[in-house]
Amino acid sequence: MENQMFCYQCQETARGTGCTYVGVCGKTSDVAAMQDLLIYVTKGLSAVAVRLRAEGREVDKSVNHMVTMNLFTTITNANFDRTAIEDKIEATLAKKEELKAQLSDEDQKNLPDAALWNGPRLTYAAKAASDEVGVLSTKNEDIRSLRELITYGLKGLAAYSKHANALLQDDGNVDSFLQEALAKTLDDSLTVDDLVALTLETGKYGVQGMALLDKANTEAYGNPEITKVDIGVRKNPAILISGHDLRDLEMLLEQCEGTGVDVYTHSEMLPAHYYPAFKKYKCFAGNYGNAWWKQKEEFESFNGPILMTTNCVVPPKDSYKDRLWTTGAVGVPGCKHIDAPYGEKKDFTPIIEQAKTLSAPTQIEQGTIVGGFAHEQVFALADKIVDAVKSGAIRKFIVMAGCDGRMKSRSYYTDFAKALPKDTVILTAGCAKYKYNKLDLGDIGGIPRVLDAGQCNDSYSLALIALKLKEIFGLDDVNKLPIAYNIAWYEQKAVIVLLALLYLGVKNIHLGPTLPAFLSPNVTKVLVQNFGISGIDTVDNDLKAFGLA
């Protein structure tokens with residue numbers, strides 16, 4: 001099995017070409033193989049669901065939820081538990097056979113191989129190692145590149161859908177497209193041009209998926225508002241919650257209130273503090289630490305239990321492994337997992353009880369950080385922002401959304417933020433902000449020079465802000481706005497954000513710290529020629545390219 005691994009879905013892929021023995025993320029080759037097989041059988045399930053819909057039959061929401069959860073499970077740094085992934089493969093095959101039985105014998109014959117295979121659990125490893133499964137099963141480099149680009153975008157879209165589903169919000173059109181697109185990656189009759197078109201269509205549904213999640217979050221918790229978040233610590237025992245799932249946070253806060261146990265956010269959960277609904281909880285203490293990749297040292301010093309609701313989890317050190325809990329799509333061998341069906345309440349009592357026996361967090365920093373600049377809050381400041389642009393006080397907005405990561409080259413984003421002229425404002429979302437959100441960059445007439453819209457899931461806000469500014473300034477092209485894009489990426493949610501921006505017509509995006517390894521030279525050429533995509537250069541050269549030197 002060790003020789004069968006090939007993964008290049010994240011920015012930190014080994015040597016910039018692909019992980020072939022063990023993932024840089026920490027996943028082993030056998031886990032990678034099971035993830036590949038889970039994607040394969042999920043494409044098979046999707047093909048059957050598409051065929052049923054073509055016959056005018058309804059497909060139950062449980063199928064949609066299964067597809068999105070399966071894709072989410074394979075996102076970088078989400079699940080390292082082979083047994084849990086095999087359980088999902090088994091359940092997916094059972095559901096696929098159940099749906100397939102509703103098709104006529106003739107329709108079953110025309111299904112792709114991924115929809116026909118139904119091996120027992122003992123055959124999973126052999127099937128995963130076969131030529132039909134995994135990235136390299138597609139021999140043509142450009143077709144492979146586009147299929148993977150689409151699949152990774154769909155993984156990001158599935159993550160958004162799953163978070164909306166947790167708040168009982170669904171979009172049947174998004175689910176139907178997601179399954180149709182998965183099925184199309186099995187279709188050998190599709191040309192490069194067909195797949196380029198499907199890539200942009202994925203971006204279209206990415207916008208819809210982000211809109212669904214924005215609606216779900218704001219209807220449940222209110223519109224984010226400008227908020228100062230404490231980054232110090234209190235003296236109570238506490239639980240640290242990481243990832244992106246706001247419903248998990250809500251349930252944890254409800255159950256911690258009045259117990260003497262505090263709750264701190266970590267990494268991508270920081271923006272939860274911006275939502276009005278969470279401010280009523282006295283146990284909601286503040287944010288602890290930085291981006292996901294520093295968790296080994298920060299989870300150590302936190303002292304209390306950690307709840308991972310989504311990616312990004314790093315395989316834990318033994319010293320705190322007994323304090324690391326998982327839920328949802330997350331899985332780590334040897335760590336305890338708490339879950340419940342969609343719409344039902346999770347019981348976090350065991351985590352709370354463990355917290356009571358442990359020490360309060362060790363303070364690693366102090367002070368506050370400011371955020372909460374999602375679309376409605378920025379719209380409320382629109383007149384002030386427009387006046388600042390018209391007067392020349394704000395020369396340009398720089399979108400620096402996306403992901404953070406371990407590579408030393410990512411210090412570029414800190415250096416770039418420091419070097420930006422003082423008449424520029426950074427628009428951000430995602431954990432990329434940890435490269436500069438604690439710098440003292442000042443403000444422009446009371447407008448902070450870093451406007452944090454929230455999680456990577458909240459990148460929709462940045463798109464709405466750009467479209468609103470286009471309307472206000474009476475422009476016919478979003479690219480005529482005083483906005484430049486210098487985006488860091490790491491995993492597949494960043495891919496769907498990129499595709500959504502391309503669908504909206506945004507051009508000349510700088511993407512770094514490296515371009516994706518899954519883009520073949522020819523596919524890269526298409527993106528460069530049609531959209532002006534480019535990699536980053538030196539800080540000085542990029543400032544010149546943006547007209548800021």
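In the model, Lys155 has a side-chain atom that pairs as donor or acceptor with a side-chain atom of Gln9 under 3.5 Å. Donor-acceptor pairing under 3.5 Å is recorded for the side chains of Asn311 and Lys493.
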Side chain to side chain contact (heavy atoms under 4.5 Å, CB included) evaluation trace for Thr326 with Thr309: CA-CA 6 Å; Thr326 64; Thr309 65; over 6 Å; no
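Under a 3.5 Å cut-off, the side chain of Thr414 and the backbone N or O of Lys435 do form a donor-acceptor pair. Judged by distance alone, the side chain of Trp292 and the main-chain N or O of His266 form no donor-acceptor pair under 3.5 Å. In terms of modelled atom types and a separation under 3.5 Å, the side chain of Gln295 and the main chain of Val314 share a donor-acceptor contact. Counting only distance, with no hydrogens or angles, the side chain of Asp458 and the backbone of Ala374 share no donor-acceptor pair below 3.5 Å. A side-chain donor-acceptor contact under 3.5 Å links Arg323 to the backbone of Phe299. A donor-acceptor pair under 3.5 Å is formed between the side chain of Gln255 and the backbone N or O of Phe348. Not a single donor-acceptor pair under 3.5 Å links the side chain of Asn486 to the backbone N or O of Met400. With hydrogens and angles disregarded, no donor-acceptor distance shorter than 3.5 Å links the side chain of Ser176 to the backbone of Asn173. Of the possible donor and acceptor atoms, none in the side chain of Asp170 sits under 3.5 Å from a partner among the backbone N and O of Gly172. With hydrogens and angles disregarded, a donor-acceptor distance shorter than 3.5 Å links the side chain of Lys433 to the backbone of Gly430.
Using cut-offs of 30° and 60° on the angle between ring planes, the pair Phe546 and His510 is tilted. Under the 30°/60° scheme for interplanar angles, the aromatic rings of Tyr205 and Phe177 are found to lie parallel. Aromatic ring orientation, His163 versus His244: tilted (interplanar angle from 30° to 60°).
Considering only residues two or more places apart in sequence or on other chains, Tyr221 meets the ring-ring contact (aromatic ring centres under 6.0 Å, His included) condition with Phe278.
Annotation for Asp383: atom CG does not count as buried by contact number, only 12 or fewer foreign heavy atoms lying within 6.0 Å. By the neighbour-count criterion of 12 heavy atoms within 6.0 Å, atom NZ of Lys544 is sparsely surrounded, having that number or fewer from other residues, nucleotides or ligands.
Atoms CD1 and CD1, from Ile487 and Ile509 in turn, are 5.0 Å apart once rounded to the nearest 0.5 Å. With rounding to the nearest 0.5 angstrom, the CG atom of Leu182 is 10.0 Å from the CD1 atom of Ile150. Interatomic distance, CG of Leu246 versus CG of Leu167, reported as 7.0 Å (0.5 Å rounding). A distance of 10.0 Å separates CG in Leu154 from OG in Ser161, rounded to the nearest 0.5 Å.
Here the two rings, on Phe284 and Tyr264, have centers that are 6.0 Å apart or farther.
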